[in-house]
Amino acid sequence: MGLKEYIAKRIVYSIILIFAVLTVNFLIFAMLPGDPLRMYMARVETHTTHEQYLMLRQQLGLDRPLHLRYIEYMIRMITWNFGNGMIGGGVSVTQQIMERLPNTLILLGLESVFSIIIGILIGVLVAHKRGGWFDTATVTGSLVTYSVPIFFIGWLMIFFFAVQLKWFPLGGIQPQSWGRHPPTNALQYLAGRISCLVLPTVTLFLFSVGGWILLARACVLETITEDYVVTARAKGLKETTVLYKHVLKNASLPLITSVAMTFGFLISGAIITETLFDYSGMGLLIWEALRGGPAPDLPVLQAIFYVIALCVIIANFIADLLYGVIDPRIKYG
Amino acid sequence: MATRKARMSFMFKRFKGFWNQFRRSKRGMAGVFIVAFFVILAVFAPVIAPYDPISPKWDEGKYPSQTLPPRIAEKLCSPSWYKYLPWIARGPTETEEFFWVNLTKFAGISFTAFGRLSITDVNDIVNVSKGTFDEYKKVATDDQIRLSHAAIERPQLQIVFPNGTIKEVPVQTVWWNLKSPAVVGGQFGEPAYVSLRSFITSLKATLGDDLAYTAFEVKYTYSRDLTENVEIVPEFQFSSNQTFYENWNWNVTGKSSVEYNSDKGVDNDGCIKVTYNPLAGENESTVVIYKDFTYPYWEPPESFWGHLSIHYQGAPITITVFTQKEGEDAINIINLSATELKENALIHYYHRTIFPAEQPVLEASDSLSPEKIMWPSPGNYTLAVEVSFSGNQGTTVYLDDFNVILYGNTFGLLGTDNAASSAYPRDVFSTLVYGTRVSLIVGILSAVFGTVIGLFLGLVAGYVGGITDEAIMRVADLFLVLPTLPLFIILVVALKLVYGTVSMWNIILVLTLFGWMGFARSVRSMVLSLRERPFIEAAKAAGARKFYIINRHLLPNVFALVYITLATSVPGAIITEASLSWLGLGDPMLPSWGKLLYDFQSSGIAITRGLTEYWFWMFPACISIALLATAFILMGYALDEILNPRLRMRR
């Protein structure tokens, strides 16, 4: 199987996954027993007449048979047309998502870079000195941060660095003093945005770095006992060269798969972090859809879920490609 | 076939061997101890937690059924053990604060604005440069001097001129209402004000612009204390005549008498009986029944709640409840007129609750919160009920369930919450203890269900192979790709939309539904390698059926993984449940840790007051979640080191 064939296979697989996600998303809504719209109306407690109800029903396309709705839904999702949510009016969901998505991706990207690099460095170091006090402390520490709820880390960050020390703003996407007129100076603009990014990034970093340390440690431990490592050492190579060139390179394959796999996990953390820090991303959009109106806006939540799942699938696809490029067994196999 | 007994003893031996190995892992043992601790908390929650975790009530069921029972404490109380902390200041404190004044004239009208000067000594005022004053003036300010604490006595006011001379200004009653410590224009619970506007205007007339760089020094006394709930009448049901005669006294004018009655009370138990037997020509009589008590705190109570049940036979009466500090005037808490009583109390018992919002209370309080006037400082007080008769008709009055509770600002082991969704503030400690149950049940059950499903599907997929394998693994792949928390949110919202609320079981269901894939994968890969082994072939050759092989040969070989997965998937479930509740997607009637934190988050206290003031509301729950999750992970980690064959080999 050559590289091209491998890529083609992954593309087809990803497309099938996207369709599956869309179907699951559709089914959740379609399989609700009873009439969700009527229940939603009852929850909202606005005095809607029967005519209004019928009109909304028609607008949302709920009066058509299921298979037609499915096809229509698929077309809408693929053409990136998410409508206006249950209540309608206001900004279209597509526009909202397009505004928020980059913010979330910036946050996640920044965080991932830091946590992966630092996590793997520490993981390798710890695996090398397995059994020592540093190993025990790091592993225990990682296990603990892994299980501390992220909103706790976030609260501590807010309290110490925003409320007490006032080093960073409390939250938001840009400093509050800017209002509607961000500075035109690029350097100033960047500094302001970064100051708002620091606390959410550090929170997410603390939340996920433990997992990376443990994973890197486990992967390295798998390879560190291999014969070629002994050979490398016997050749008289420096220990750092052995660790980072021979051990880490071979241990990195499962790590790459994990980069994509943890993306979904990270998004769970991001939802809470963004809500805590009022950081205007997809997570905050979820919170707004949950709490903004009188009742949770399910169509908006579905659109968000679809976009997030799409991101995860794309991340997986990229990881697969990287895997194919790095692993010679796939390229020349 | 080994006998049952032999098998049991073998199992026991194996467990003993395993335990000996496990015991050596410090992390594993730490995990076991922590989990055991939480299990004990969960099992004995009703014994350990003193109050109901959702809507706790004081003396529930003891008050008449027509009355809503009182709350256990005021909201946002601090822990009651704060009183043992020596660094928390209690009692009266003298303090001085400095202010500056800014005079501006706009369209012929002069404006006065005050601001705080951040200095602590009078002599510093001379050193404050004019530039600094000018800086201060740019900041928007109050039109009154706003002290940072409520003063308990008349403050002293001094003017410090720029040249260093200090002039004492007598604080006039216009600016300062002696009866109420905090003052003119003040709102309930607000710090004291000194209104000086007219004074400043007159000063300016004589001194001119000299005032521009003048500072004001206010010396005053305020008091801080940690107050606890005071129940003035613990034996409010009057069930024994001995306690009645010991605690209560009465003054009678006219032809009336007070005695204990043992069967005319609300539930046919004891009550106070007041009889009026006028002689001919007499038409007035008053009875004051009172109880002495001590209020020991340097700060007035946060609020109060009272109750009185009245029943009478005969002519109309009026009833007044009042409180009085030794040597001062009585302050009425409630006046029950003859008309209010006549409608109800003539036939049945009339049950009346007493709140701070009563009319006479408000009149007496001069726009200050009433409890601050009634019980302003430590001392001896009396609580009294006055019954007035008029006319010449013989009348009998029965009084029962008479109580007043003064709510303090400390309560319980971990204080109280802000009673966001009910009228009853909750005891945080009780919610925390009961929350252990939710977290353990959700965590363990969804881990067990997920693991069992994963084990089953993994075994089937691995051993049966073919289309079954393909189908199961593709679904697993799909589920693994779905971002869990957004998906859970959608599912829970959908369930909520349909059923109105989310129950704990909904969350367990959702967690189970998406908690089996990882384990199914690893079981499958293990089975794939196992089924090529000779012993499976031998079993097949011996004519064993699929189910038998899975049950007897494959299952025991993958079972070590089950324990590890069980331990490591509990924390995820616990944290996910907490996260969902934290987002407000939990059962509102379920006392879970996540809900506790949701209440904290939505109260906004983390931002407005910081974490240190209300740490007890949020820290223990967060730490409990972290501890419990870590404990399971540590256990899983220790199990992994013992049971995982690959790791074991390296030892």
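Lettering of chains follows the sequences in order, A, B, ..., and the numbering in each one begins at 1. These figures come from a predicted structure and were not determined experimentally.
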| query | So what's closer than 4.5 Å to chain B heavy atoms on A:Thr136: side chain, backbone, both or neither? | reply | both

| query | By a 4.5 Å heavy-atom criterion (distance strictly below it), what part of A:Leu156 contacts chain B: side chain, backbone, both, or neither? | reply | both

| task | Check salt bridge (Lys or Arg N to Asp or Glu O under 4.0 Å) between A:Glu226 and all other residues, then give those that pass, not counting sequence neighbours. | result | none

| Picking from B:Ile623, B:Leu482, B:Leu627, B:Leu480, which has the most non-hydrogen pairs under 4.5 angstrom with chain A? | B:Leu482

| said: Is A:Ile271 close to chain B through its backbone or its side chain, or both, or neither, when contacts mean heavy atoms under 4.5 Å? | reply: side chain

| message | For the CD atom of A:Gln302 and the CD1 atom of B:Ile489, what is their distance to the nearest 0.5 Å? | response | 13.5 Å

| What closest approach, in Å, do B:Ala629 and A:Ser147 show between heavy atoms, and which atom pair accounts for it? | CB-CB, 3.3 Å

| task | Over all heavy atoms of both residues, which pair between B:Arg27 and A:Leu143 is shortest? Give the atoms and the distance, please. | result | CD-CD1, 4.5 Å

| Where on A:Leu17 is there a heavy atom nearer than 4.5 Å to chain B: the side chain, the backbone, both, or neither? | both

| In Å, rounded to the nearest 0.5 Å, how long is the span from CZ of B:Phe488 to CZ of A:Phe305? | 10.0 Å

| note | Comparing A:Ile267, A:Ile16, A:Val139, A:Thr275 against chain B, the one with the most heavy-atom pairs below 4.5 Å turns out to be A:Val139

| request: Could you look at A:Phe152 and say if it's the side chain, the backbone, both or neither that has a heavy atom under 4.5 Å from chain B? | output: both

| said: For A:Ile158, which atoms come within 4.5 Å of any heavy atom of chain B: side chain, backbone, both, or neither? | reply: side chain

| Which heavy-atom pair separates B:Ile490 from A:Leu301 by the least distance, and what is that distance? | CD1-O, 3.4 Å

| remark: Counting heavy-atom pairs under 4.5 angstrom with chain B, the leader among A:Asn25, A:Leu276, A:Asn316, A:Val24 is A:Leu276

| remark: Note: vs chain A, highest number of non-hydrogen pairs under 4.5 angstrom among B:Val475, B:Thr484, B:Leu487 is B:Leu487

| task | Quick one: list whatever passes salt bridge (Lys or Arg N to Asp or Glu O under 4.0 Å) with B:Arg474, sequence neighbours left out. | result | B:Glu470, B:Asp477

| task | Answer with side chain, backbone, both or neither: which region of B:Tyr637 has an atom nearer than 4.5 Å to a non-hydrogen atom of chain A? | result | side chain

| Are B:Ile633 and A:Val144 side-chain neighbours, meaning at least one heavy-atom pair lies under 4.5 Å? | no

| With sequence neighbours left out, what residues match B:Tyr614 under ring pair (Phe, Tyr, Trp, His ring centres under 6.0 Å)? | B:Phe616

| request: With rounding to the nearest 0.5 Å, note down the distance linking CD1 in A:Ile153 to SG in B:Cys622. | output: 10.0 Å

| request: Look at atom CD1 of B:Ile467 and say whether more than 12 heavy atoms of other residues, nucleotides or ligands are closer to it than 6.0 Å. | output: no

| query | Is chain B contacted by the side chain of A:Val312, its backbone, both, or neither, given a heavy-atom distance below 4.5 Å? | reply | side chain

| query | Among residues 576-585 of chain B, which residues come closer than 4.5 Å to chain A, judged by heavy atom distances? | reply | B:Ala578, B:Ser579, B:Trp582, B:Leu583, B:Gly584, B:Leu585

| message | One pair to check against side chain to side chain contact (heavy atoms under 4.5 Å, CB included): B:Met618 and A:Trp155. What are the steps and the verdict? | response | CA-CA 10 Å; B:Met618 159 279 219; A:Trp155 272 329; 3.3 Å; yes

| query | So what's closer than 4.5 Å to chain A heavy atoms on B:Leu597: side chain, backbone, both or neither? | reply | both

| said: Tell me if the OH atom of B:Tyr563 is crowded by more than 12 foreign heavy atoms within 6.0 Å. | reply: no

| What option among A:Ile272, A:Leu266, A:Ile286 has the most heavy-atom pairs under 4.5 Å with chain B? | A:Ile272

| Portion of A:Phe160 that has a non-hydrogen atom of chain B nearer than 4.5 angstrom | neither

